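Note sheet for the following structure.
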Amino acid sequence: MTTIRSKITAIGGTLAYPPIRLRTEVTRKHFCGKWVVVTGASHGIGRALTEKLIAAGANIFLVARSKEDLQLLCTKAKQQGCQAEYHATDLRNREDMELLCQRLKKALPQLDYFFCNAGKSIHRNITDAVNRLHDYDRTMDLNYRALVALSLTLLPALKAGKGRIIYSSSVSTLYPMAPGWSAYHASKSAANAWCETASSEFERSGIRVHVAYLPLVHTAMSDVNEQYCSLPGYSPADAANILLRLCMRKGYCYKPWWAKLSAPIAYLFAPVIRLCYKKTR
């Protein structure tokens, strides 16, 4: 019986998370010689994305907190003939953010791609956050404000390169809000709204905006939640392929196939879903 269940789970996981393949020659065609900014570049999805960009011959400007990891990635890029710069900083620190913005203005007169991938996940009930307003400040600063601040800074460079902004969002924001995720969902939803507005405003400037509503990706950040560890999900490399494929196409966003089908239905049954949430608390 256990074997049958494991097989069913594996089949279900494959259906929900089909393989995401991307040939190296395709990425080289689009990214070789292009300038790319990646936030959250030192770990998880950002690191996998950076590795693929280096392999494609892209010039990179990396942002993350881990200086040593960024140095290693830039060294690898330069060994392969790419130009590479980095800035180690905490994007939640507004003074550090201002220094980064000043440097980006000087370093990048033209930009082709901006991957806003750095993010913070937090699960805490509102009643448990009475004396923790900083939970909301930090989450909003990283998941929303950093996107806006860096996009505004890079706007002239993106105009010059007719570039693209790619934001890593969450598929959970497409569904009725679940308990415990108020800070996370508020920040991601704010970023989604900004991207949708920017998409229409920037089109005349030749800048395209994309949002990836990513499903579960097994990273150090997501696997802190023990419930997620046993669930099917994508690897960071798969998620990186999703982001790369998205910005090589004309579509505005990426959504898993099952989210396209179920999200509209979920909102039709939102009152029932909210009732279930209340019963399980």
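The structure presented is a predicted model; accordingly, all values stated were derived computationally and were not measured.
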Subject >> Asn192 side chain near Val211 side chain, heavy-atom distance below 4.5 Å >> reply: yes
Original post:
Under 4.5 Å between any side-chain heavy atoms of Val217 and Ile45, yes or no?
Top reply: yes
Subject >> Note, Ser200 side chain near Tyr252 side chain (heavy atom, < 4.5 Å) >> reply: no
Original post:
For the side chain of Arg92 and the backbone of Thr139, is there at least one donor-acceptor N/O pair under 3.5 Å apart?
Top reply: no
Original post:
Side chain of Trp258, backbone of Ala263: donor and acceptor closer than 3.5 Å?
Top reply: no
Subject >> Modelled atom types, side-chain donor and acceptor of Asn117 and Thr39, under 3.5 Å >> reply: no
Original post:
Hey, are Asp69 and Ser42 close enough side-chain-wise for a donor-acceptor pair under 3.5 Å?
Top reply: no
Original post:
Does Asn143 reach the main-chain N or O of Lys120 with its side chain, forming a donor-acceptor pair under 3.5 Å?
Top reply: yes
**OP:** Side-chain contact test, heavy atoms from C-beta onward, threshold under 4.5 Å: evaluate it for Leu174 versus Lys255 and give yes or no.
**Re:** yes
Original post:
Using 4.0 Å as the upper bound for N to carboxylate O, is an ion pair formed by Arg132 and Asp135?
Top reply: yes
Subject >> Separation of Leu70 CG from Thr75 OG1 (nearest 0.5 Å) >> reply: 10.5 Å
Original post:
Does one side chain, of Asp238 or Ser235, offer a donor that lies under 3.5 Å from an acceptor on the other?
Top reply: yes
**OP:** Indicate yes or no: at least one non-hydrogen side-chain atom of Phe115 is less than 4.5 angstrom from one of Cys247.
**Re:** yes
Original post:
Can you find a side-chain donor-acceptor pair between Tyr144 and Ser189 that sits under 3.5 Å?
Top reply: no
**OP:** For the pair Tyr234 (side chain) and Pro18 (backbone), establish whether a donor and an acceptor sit closer than 3.5 Å, ignoring hydrogens and angles.
**Re:** yes
Original post:
Just wondering, do Thr89 and Arg65 contact through their side chains at under 4.5 Å, heavy atoms?
Top reply: no
**OP:** Look up atom OG in Ser182 and atom CZ in Arg124, then write down how far apart they are to the nearest 0.5 Å.
**Re:** 10.0 Å
Original post:
Is the closest side-chain heavy-atom distance between Lys52 and Asn241 below 4.5 Å?
Top reply: yes
Original post:
Side chains of Tyr136 and Ser187: does their closest heavy-atom pair fall under 4.5 Å?
Top reply: no
**OP:** Please name all residues satisfying side-chain contact (heavy atoms from CB on, under 4.5 Å) with Gln83, sequence neighbours left out, ordered by chain then number.
**Re:** Trp35, Asn59
**OP:** Only pairs at least two apart or in different chains count here, so list each ring pair (Phe, Tyr, Trp, His ring centres under 6.0 Å) that has a residue in residues 82-114.
**Re:** Phe31-Tyr113
Original post:
Hey, what do you get for CZ (Arg94) to CG (Leu91), rounding to the nearest 0.5 Å?
Top reply: 12.5 Å
Output a table of donor-acceptor pairs, distance under 3.5 Å, between side-chain atoms of residues 153-163 and any protein atom two or more places apart or on a different chain; print 'none' if there are none.
| unit_1 | atom_1 | unit_2 | atom_2 | d |
| --- | --- | --- | --- | --- |
| Thr153 | OG1 | Ala149 | O | 2.9 |

